[in-house]
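Everything below concerns the one structure shown next.
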There are 2 protein chains.
Amino acid sequence: MRGVELTDRESTILQSVIEGYVREAKPVSSSAVVRVSSVSLSSATVRNVMRALEEKGLILQPHTSAGRIPTDLGYRYYVDNLVKPVGLTAGERKAIGSELAKLVHCDLATVLAGISHMVSEASREMAVAVAPSGGGQVIEQVALVAIGAGRIMAVVATDVGPTRTAVLTTDGTFRRAEVSRASDLLNKWLRGVTLSEASATIEKRLGEQDPAPGGWLGGLLDGVRVFLSPGGGERIHYEGARYIFRHPEFSTDAASLGEIFDSEETLAEVVRGPVKAAEVRVVIGAENICSGMTRMSLIAGTYRIGGVVGRMGVIGPTRMKYPRLIGLVGYFSKVLDDLLAE
Amino acid sequence: MRGVELTDRESTILQSVIEGYVREAKPVSSSAVVRVSSVSLSSATVRNVMRALEEKGLILQPHTSAGRIPTDLGYRYYVDNLVKPVGLTAGERKAIGSELAKLVHCDLATVLAGISHMVSEASREMAVAVAPSGGGQVIEQVALVAIGAGRIMAVVATDVGPTRTAVLTTDGTFRRAEVSRASDLLNKWLRGVTLSEASATIEKRLGEQDPAPGGWLGGLLDGVRVFLSPGGGERIHYEGARYIFRHPEFSTDAASLGEIFDSEETLAEVVRGPVKAAEVRVVIGAENICSGMTRMSLIAGTYRIGGVVGRMGVIGPTRMKYPRLIGLVGYFSKVLDDLLAE
DNA sequence: CTTAGCACTCTTATGAGGAGAGTGCTAAGG
DNA sequence: CCTTAGCACTCTCCTCATAAGAGTGCTAAG
């Protein structure tokens with residue numbers, strides 16, 4: 001922000017323009033500034049000041065003989081120099097406190113989901129919360145636990161942040177004792193190493209082994225390396241996408257899309273809607289439950305993992321390439337089913 | 001679809017109308033049908049058939065003297081009776097196979113993320129994949145493990161589906177032996193119970209205890225009940241939201257929003273962008289890295305968990321209520337920070 | 001430096017007119 | 001009875017012209 005210096009009067013008028021524009025979403029005229037602002041000046045004087053602000057790049061006219069709207073630079077000056085953050089009212093803080101109390105003993109994912117819900121309610125904007133990304137975390141403990149039927153659970157605890165786990169599958173058979181030995185080995189290799197170094201460390205130590213482990217263990221270690229890669233376990237939570245689409249800067253025909261992206265839960269609900277499908281199921285336009293989907297179609301397939309079914313598919317406008325997409329979803333759901341059947 | 005019966009010719013023409021509309025995104029005229037369709041009829045005859053289709057509610061005219069577009073019912077008939085799914089080419093199947101091979105040993109979340117990526121690439125539509133929802137799953141094993149500093153890791157393994165874990169925090173102090181005893185107790189109570197019954201079961205058994213456990217254990221069990229509630233651990237993966245917004249049915253000014261919602265990773269990237277923030281940070285319009293955000297602002301705050309920082313905030317158009325929202329984000333990030341500091 | 005007054009510009013709304021697209025109808029032909 | 005050629009009709013879309021309104025830039029006086 002170096003280089004932009006404003007007089008008090010310029011600041012005041014910039015603030016009036018910005019706050020007027022935020023309120024009305026329309027270019028702000030000099031007379032409108034005179035009306036709302038505390039300065040007692042004529043519109044002609046305000047116009048002179050506005051011209052100075054325009055020359056400094058803080059506001060602009062969409063066209064000659066229109067009012068002014070703020071530029072990014074104008075907002076920047078406003079945020080850096082003029083904004084006084086508004087605290088929450090006592091009532092709001094109290095309400096938030098009691099909501100928050102419910103989250104005290106929950107895990108990070110639940111807390112973040114709750115926070116993004118609360119923020120989006122309070123702000124009437126889309127709220128997001130992301131868990132810390134894990135590149136610099138130091139591994140304290142790694143464990144592999146056989147949980148039967150070719151499935152192995154991997155757990156990694158780091159010095160900070162959430163503990164991460166995953167279930168890995170192997171194609172071969174193994175004995176519990178072998179898994180346990182592999183677990184001890186990994187632990188010896190990785191304790192004190194950061195997550196971002198983990199994959200390279202495994203590769204390096206693997207090369208030093210004689211003989212090199214093969215078969216199910218080799219495959220397993222590939223899975224472990226993906227599992228340990230930074231970013232793999234982090235998660236984003238968001239809520240309130242509908243608020244973005246409701247703003248007048250976006251045309252109303254996109255407003256319905258806001259509902260689809262309103263939160264992860266909404267999206268999951270849309271896809272999970274037609275649960276009793278056998279093969280590939282097509283839900284067209286107004287057949288959808290979600291009101292935001294009345295002009296969209298969903299092509300969904302199912303896959304099984306153990307005894308329960310999951311869903312996958314594509315979402316697009318009703319005007320979509322059904323023959324191709326039905327074939328595609330059918331193929332992928334079968335392939336996924338096979339992959340998870342191992 | 002009972003009640004709608006079409007002659008062969010009506011079917012053929014319906015198909016031409018739908019496929020023409022899918023291709024061109026414009027109303028299809030009778031002469032256009034004659035041009036592409038194999039039937040050798042005059043446009044006047046086609047018009048007569050179209051009128052019959054319109055009376056049956058399968059197609060409609062946006063206005064008099066325009067071509068026809070399909071209704072939801074038209075698409076429904078088409079999907080149920082006329083679509084022959086198109087298989088993938090050998091080349092596509094091969095490419096998919098080799099991509100898929102990389103996912104063999106990965107956990108479910110990674111597999112689903114990979115699948116939604118592949119489907120969105122292949123379909124040029126938004127792809128989604130959801131893990132099975134867990135209400136009916138039977139609990140095989142529950143474990144609580146103390147991992148130091150008031151933190152306890154909870155793990156639940158069910159007969160099917162992904163194993164779920166969470167880190168719970170307690171406000172009190174405890175001994176490892178106590179945690180271990182609580183773990184055994186939970187296991188005895190819950191083994192064989194479904195996830196959806198778990199919470200009620202804990203409450204019931206808790207009532208039978210004499211004396212009722214209090215202090216840190218009571219709080220912990222509240223956390224466990226939230227953790228075990230069905231749906232808490234499921235997750236959606238999606239990718240390719242940009243494809244929805246690119247379709248001509250939505251106006252171009254919303255197209256940039258597609259990029260923001262393109263995938264969970266994109267959204268996380270946007271929020272994580274300005275990492276070195278001290279307090280609340282405002283990123284305005286073109287200051288954003290993401291090209292889809294040039295007309296949006298991000299107000300982000302940080303929270304600490306252990307030594308690493310996470311981020312939370314709101315996203316909206318540059319025309320937003322900065323004073324209120326900066327105050328709000330500041331308050332919530334502080335409150336979240338405090339909550340996680342325990 | 002401020003302001004009143006006024007000419008100028010640009011948007012927006014409205015309506016008219018013409019071209020083009022596509023239909024509905026009718027009457028003739030197979 | 002079904003099909004089709006021909007034609008009138010309707011509706012959209014584009015352009016142009018006009019008028020009203022909003023808001024500015026400029027200038028000269030206070």
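Protein chains get the first letters and strands the later ones, always in sequence-line order, with residue 1 at the start of each.
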Hey, are A:Glu259 and A:Thr266 close enough side-chain-wise for a donor-acceptor pair under 3.5 Å?
no

Does B:Gln15, at its CD atom, have more than 12 non-hydrogen atoms belonging to other residues, nucleotides or ligands within less than 6.0 Å?
yes

Mind running a 4.0 Å heavy-atom check of residues 57-65 of chain B against DNA chain D and sending the residues that fall below it, in number order?
B:His63, B:Thr64, B:Ser65

NZ of B:Lys26 versus C1' of C:dG22: gap in Å, rounded?
14 Å

Checking B:Tyr78 now: which residues fulfil ring pair (Phe, Tyr, Trp, His ring centres under 6.0 Å) with it, not counting sequence neighbours?
none

Correct closest heavy-atom pair for A:Pro248 and B:Arg319 would be CD-NH2, 3.5 Å

Using a 3.5 Å limit on both pairing distances, list the dot-bracket string of DNA chain D from the 5' end; Watson-Crick and G-U wobble pairs count, crossing pairs take [ ], interstrand pairs take |.
||||||||||||||||||||||||||||||

Would you name the heavy atoms of A:Ser297 and A:Ile284 that are closest together and state the gap between them?
OG-CA, 3.4 Å

side-chain contact (heavy atoms from CB on, under 4.5 Å) with A:Glu10: which residues, sequence neighbours excluded?
A:Leu6, A:Thr7, A:Val49, A:Ala52, A:Leu53, A:Lys56

Pairs under 3.5 angstrom, nitrogen or oxygen only, protein versus nucleotides 28-30 of chain C, please.
none

A:Gln61 atom CD, over 12 foreign heavy atoms within 6.0 Å:
yes

Mind listing the residues from residues 28-36 of chain A sitting with a heavy atom below 4.0 Å of DNA chain C? Number order is fine.
none

Any non-hydrogen side-chain atom of B:Arg9 less than 4.5 Å from a side-chain atom of B:Thr45?
yes

Taking salt bridge (Lys or Arg N to Asp or Glu O under 4.0 Å) as the definition, give me every residue that meets it alongside A:Glu19, ordered by chain and number, with sequence neighbours left out.
none

The salt bridge (Lys or Arg N to Asp or Glu O under 4.0 Å) partners of B:Arg324 (sequence neighbours excluded) come to A:Glu92

Measure all distances between protein nitrogen or oxygen atoms and nitrogen or oxygen atoms of nucleotides 1-4 of chain D, and list the pairs falling under 3.5 Å.
{"residue": "D:dT3", "atom": "OP1", "partner": "B:Arg9", "partner atom": "NH1", "Å": "2.6"}
{"residue": "D:dT3", "atom": "OP1", "partner": "B:Arg9", "partner atom": "NH2", "Å": "3.3"}
{"residue": "D:dT3", "atom": "OP2", "partner": "B:Arg9", "partner atom": "NH2", "Å": "2.7"}
{"residue": "D:dT4", "atom": "OP2", "partner": "B:Ser42", "partner atom": "N", "Å": "3.1"}
{"residue": "D:dT4", "atom": "OP2", "partner": "B:Thr45", "partner atom": "OG1", "Å": "2.8"}

According to salt bridge (Lys or Arg N to Asp or Glu O under 4.0 Å), who are the partners of A:Arg47, at least two apart in sequence or on a separate chain?
none

Spacing of B:Arg47 atom CZ relative to D:dA5 atom P, expressed in whole Å:
11 Å

Salt bridge (Lys or Arg N to Asp or Glu O under 4.0 Å) partners of B:Glu24, counting only residues at least two apart
none

Using 4.0 Å as the upper bound for N to carboxylate O, is an ion pair formed by B:Arg68 and B:Glu54?
yes

Any donor-acceptor pair under 3.5 Å from A:Ser333 side chain to A:Gly330 backbone
yes

Listed by chain and number, what are the ring pair (Phe, Tyr, Trp, His ring centres under 6.0 Å) partners of B:Tyr238, not counting sequence neighbours?
none

Under-4.0 Å side-chain N/O to phosphate OP1/OP2 contact, B:Arg68 with C:dG24:
yes

Mind calculating the distance between CD (A:Glu24) and C1' (D:dA22) to the nearest angstrom?
15 Å

